[in-house]
Protein chains: 2
Amino acid sequence: MMELTRKGEYAIRGIVYLAAQPEDRVCLLSDIAAAVDVPPTFLAKIFQQFSKIGLVKSYRGTGGGFVLGRASDKITLLEVVEAVEGQIIPNRCVVTPSECSRDVFCKVHPVWKRVQIQVRDVLEGVTLKDLSGA
Amino acid sequence: MMELTRKGEYAIRGIVYLAAQPEDRVCLLSDIAAAVDVPPTFLAKIFQQFSKIGLVKSYRGTGGGFVLGRASDKITLLEVVEAVEGQIIPNRCVVTPSECSRDVFCKVHPVWKRVQIQVRDVLEGVTLKDLSGA
DNA sequence: TCTAAAAAGACAATTTTTATCTTTTTATTG
DNA sequence: CAATAAAAAGATAAAAATTGTCTTTTTAGA
Ligand code: SF4
Ligand code: SF4
């Protein structure tokens with residue numbers, strides 16, 4: 001339970017690698033994939049998601065590749081994880097109360113809410129800089 | 001991500017209902033299932049798991065059914081969840097470091113460890129009594 | 001125009017989840 | 001003892017999610 005998927009793990013590896021590169025060095029997807037040991041086609045999908053929300057910037061064509069979208073200390077682990085895994089949802093009723101008619105009186109409901117907050121807090125407190133630094 | 005499965009949700013509902021019953025009242029599985037709106041055959045599997053580790057006690061035959069294995073304030077939500085979902089594992093390297101060769105230098109690894117601890121702490125701090133009380 | 005590289009979309013194998021159904025074991029009761 | 005009640009165990013299966021791959025398209029540079 002609560003397990004990060006491969007996709008999430010790959011996503012983190014990839015972007016942490018990027019964050020560890022010299023500031024404005026443009027990296028090939030194929031190079032990143034090889035470096036962090038992830039299937040290139042899979043990582044491509046992941047970086048497309050990153051690109052859409054601006055977590056990375058991409059350049060096409062010759063000399064193209066990827067760079068970080070913002071300074072590495074301005075990107076949190078939470079953003080990275082949520083970009084590919086979606087919101088941190090310990091239980092569906094946390095995000096969709098209507099899902100369960102019992103939520104009116106349910107005492108479990110607020111516990112999941114607390115779990116959500118705790119997890120988010122941990123992940124939000126870590127930046128790519130923290131993860132890529134020496 | 002981090003989402004409880006139906007099985008986990010059902011498990012909690014079922015055992016919380018049991019905890020809310022008068023002390024030594026033996027409950028039929030079919031009654032519990034109906035009360036908490038869970039497929040009876042599915043709940044049966046769940047309660048079998050509970051029974052194996054003593055979270056509930058079961059009686060077969062006429063007049064049989066289930067009662068809580070211990071006082072409701074001695075059973076934590078963590079136990080219940082882990083009984084059916086397995087350990088709280090935010091990332092597999094947390095439990096099987098050998099899984100990933102990068103764990104020696106990896107800075108992400110300890111973050112998942114912290115997530116694990118936080119989640120466990122929240123769930124461990126809640127008992128069935130807390131969840132079933134008026 | 002040719003080539004390099006990412007973006008997009010379609011597809012597929014595998015695994016996990018979410019059950020259901022049947023048979024077996026155990027206990028009670030008349 | 002026979003009949004019945006109820007949980008335990010086991011087999012099976014549909015649906016969904018995960019984990020990829022492959023092909024085509026778009027964009028940019030040389
Ligand atoms: S029973 Fe409570 S915890 Fe479970 S889904 Fe409903 S509101 Fe959420
Ligand atoms: S790269 Fe780090 S976080 Fe990811 S599996 Fe390996 S040790 Fe764990």
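The structure displayed is predicted, hence computed values, not measured ones. Below, chains carry the letters A, B, ... as their sequence lines are ordered, and counting in each starts from 1. Side chains included, hydrogens not; waters and symmetry mates left out as well; all remaining heavy atoms used.
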Respond yes when some side-chain nitrogen or oxygen of T41(B) is under 4.0 Å from OP1 or OP2 of dC21(C), and no when none is.
no
NZ of K7(B) versus C1' of dA15(D): gap in Å, rounded?
17 Å
Residue whose closest nucleotide on DNA chain C lies nearer the 5' end, G63(A) versus G8(B)
G63(A)
Quick check for you: among dA6(D), dA19(C), dT21(D), whose closest atom lies nearest to any side-chain atom of P39(A)?
dT21(D)
Can a side chain N or O of T5(B) be found less than 4.0 Å away from OP1 or OP2 on dT16(C)?
no
Within the 4.0 Å heavy-atom criterion, would you say S51(B) contacts the bases, only the backbone, or no part of the nucleic acid?
sugar-phosphate
From CG of L55(B) across to C1' of dA7(D) the rounded distance in Å is 17 Å
Enter the distance from K57(B):NZ to D24(B):CG here, rounded to the nearest 0.5 Å.
10.0 Å
Between dA28(D), dG20(D), dA7(D), which nucleotide has the shortest distance from any of its atoms to the side chain of T62(A)?
dA28(D)
Relative to the 5' end of DNA chain D, which residue comes earlier, Y10(A) or S58(B), by the nucleotide with the nearest heavy atom?
S58(B)
Looking only at heavy atoms, what is the nearest atom pair of K129(B) and D73(B), with distance?
CD-CB, 3.6 Å
At 4.0 Å (heavy atoms only), tell me whether K52(B) reaches a base, stays on the sugar-phosphate, or touches nothing.
sugar-phosphate
Per F66(B) side chain, nearest of listed nucleotides dA8(D), dA19(C), dA7(C)
dA8(D)
From CG of L28(A) across to C1' of dA7(C) the rounded distance in Å is 15 Å
Give the C-alpha distance, both sets of side-chain angles, the deciding distance and a yes or no for side chain to side chain donor-acceptor pair (under 3.5 Å) between Q116(B) and K113(B).
CA-CA 5 Å; Q116(B) 184 187 39; K113(B) 195 71 199 170; 3.1 Å; yes
Round to the nearest Å and state the distance from D31(A) atom CG to dA5(C) atom P.
9 Å
Between the side-chain atoms of K45(A) and the base atoms of dA8(C), is any donor-acceptor pair under 3.5 Å?
yes
Between E85(B) and T5(B) (side chain of the first, backbone of the second, donor and acceptor by atom type, cut-off under 3.5 Å), is there such a pair?
yes
Cluster check Y17(A), L68(A): I/L/V/M/F/W/Y, side chain < 4.5 angstrom
yes
Whole-Å distance separating the CZ atom of F47(A) from the C1' atom of dG20(D)
17 Å
Please give, in whole Å, the distance from dA13(D) C1' to F42(B) CZ?
14 Å
Between C1' on dG29(D) and OH on Y59(A), what's the gap in Å once rounded to a whole number?
15 Å
Could you check how far CD of Q48(A) sits from P of dT25(D), rounded to whole Å?
16 Å
